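Worksheet: the structure to be examined is printed underneath.
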Amino acid sequence: MAVSDPGPASAHTRAAHAHAAGELPFEDREDFEDAKRGLVATTPNLVVRDARGRAVWDMDSYAFLDSREEPPETIHPSLWRMAQLNGTHGLFEVAPGIYQVRGYDISNMTLVEGRTGVIVVDPLISTECAAAALGLYRAHRGERKVSAVIYTHSHVDHFGGVKGVIDEEAVHAGEVPVWAPAGFLEHAVSENVLAGTAMARRAGYMFAPSLAREPRGQVDAGIGKTTSSGSITLIPPTHDVTFTGQEEEIDGVRIRFQLVPDSEAPAEMNFGFPNLGVLCVAENAVHCMHNVLTPRGAAVRDALRWSKYLAEAIELFGRHTDVMFAQHHWPRWGKERVIEHLARHRDMYRYLHDQTLRLANRGLTPTEIAAAVRLPPSLERTWSCRGYYGTVSHNVRAVYQRYLGFFDGNPAHLDPHPPVEAGRRYVELAGGIEALLANARHAFAKGDYRWVAEVCSHAVFAEPTHADARELHAQALEQLGYQAESAVWRNLYLVGAHELRDGAPTTPTGRRVASADVARALSIEQLWDAMGARLDGPRAWDVQIVLAWNFTDVHEQWTVSVENGALSSIRGRLADDADATITLTRTAFDAVLLGEGDGALFASGAIAVAGDGEKLGEFLGLLDDGDPAFAIVTP
Ligand SMILES: [Zn+2]
């Protein structure tokens, strides 16, 4: 076996799995019943391809999950359970007139039959997957036209495939309304702008498209198998939901909305169908613990409001609901079971929130709180509260971060050395790298993989070419990955091991949301903010540039200046003392930003520059492109 191949599970890992198998209620198979209930049709060997024939979604690659009953030694038995559940795919009836296509992307497409056609709730990430899902529905329910689209929230797996189900022209013509929670468009585009490159890279480790799909590789993503890699689109909503209690009739279907901003997403909504006894909880109560702070990175979410919204949902909808569904995982039937599920998730997020603050107020720091908090047994033994996606460990640290920040209060942690400098000192402290690795090997033999990873990380940052240090570090991360119940922790560990052995992955880095539609939906202010975050500060220290921008089609005027290494932008003014004045349309500006024939746009006069045109060139030359393939576990 080559040194770069993933290894077997250690005796300690096998023992940890055996312990988990004995602790958890595997005899409870209700979720397997619910995941298959209402199956209308499925597609054997499901692979969705783009126009060039490239596979953008491949369920066939997960066939190994069905080939055996017992979990492989390299997968946590509970994650194995979820990986099998998420492997179920096809068209399912949720209630009369309400269907779901599941397993055609990481998220679900829900289809609600109306008077004249069908309402599509959440058109997945990619147009190719969305079109295939709608095609499966139509093959079994007839050629119904899409009469409306509803986006439950502002994450890309709930809107990106929209042009696979409707044309933008039909929306502009007023033929197809697109409904979304208030604030949807701003948040749909903003979350991925300022820190987008870093988030996409980190998402590549969290969802692990670079890993093989096999028992020692990528097996799941907790809320679905993985993210699809087709074309991302966006059609801005035409209708907003602005308050809880708002009722609408959409294609003849009565829908009552609950607006839940700053829950799982900054713009999100739940809704009930009062005439049908059906509730949609978007992504606020799925069949696992969700993230208070996603490991790919994002603004931290509000666990307290999240919990309160679920309490409110029970009040608003509980008595009238016979079946609930979410936009990931499978539905849950029965009034009592629905209320029980919502109440458990209400209490889970509240418990994480309250216990973190209780312990913080007793002086515990984030890593101490992570070690101290466990869920009550009533929740811990509930499958839908297991940490397949979020974990207790990182969610309590997220709650701490929301209230108290990254600093734990200990001045020894105020100004630490960065990783390479710290690594050199730890190696020296250990008495050299061989002595450090001897300590690490001793810990490895005892199964203390967290410690091995900590000290080997110092060794690798101190001496990145040291082959034994890299391999021992990789072996520790690998066992941690095999032991992880959270699919995304597993992915982070295993891609880390992969980077140590084979170098940082250059293959797809997960979600790509810098699509043309998303760029066009940004406000001009958001574009300046994005440019500011790309400005190479030190190179701009001594630069002074003032540019006036006159957008003739959208009637916006801006003055953008660089001074003291920082960008600032003022709306509604063209500076008299500008170095240059640029007259253009937003359309032409978008074309330049998307790299579509910028020279021709200047030549044709679509962009006209008066004054010192070299200042515009100097400004653009100060923008940093970022690094979409940066290394993470090595320097
Ligand atoms: Zn989602």
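All figures in this text were calculated on a predicted structure; none of them were measured in a lab. As the structure lists them, so they are numbered: ligands from 1, and atoms in each ligand from 1. Values reported hereafter were calculated over all heavy atoms of this structure, with side chains retained and with hydrogens, waters and symmetry mates removed.
Seen from the Zn ion (ligand 1), atom OD2 of Asp157 and atom NE2 of His328 lie 100° apart in angle, a value rounded to 10°.
Counting only heavy atoms from C-beta outward, the side chains of Glu30 and Arg337 approach each other to under 4.5 Å.
Contact annotation: His153 places no N, O or S atom under 2.8 Å from the Zn ion (ligand 1). At a cut-off of 2.8 Å, His158 coordinates the Zn ion (ligand 1) through an N, O or S atom.
Between the Arg37 side chain and the Trp333 main chain, no donor and acceptor come within less than 3.5 Å of each other.
For the residue pair Trp383 / His287, no side-chain donor-acceptor distance below 3.5 Å is found, with atom types taken as modelled.
The closest approach of Glu283 to the Zn ion (ligand 1), by N/O/S atoms, is made by OE1.
Taking the charged nitrogens against the carboxylate oxygens, Lys225 and Asp58 have no contact shorter than 4.0 Å, which rules out a salt bridge.
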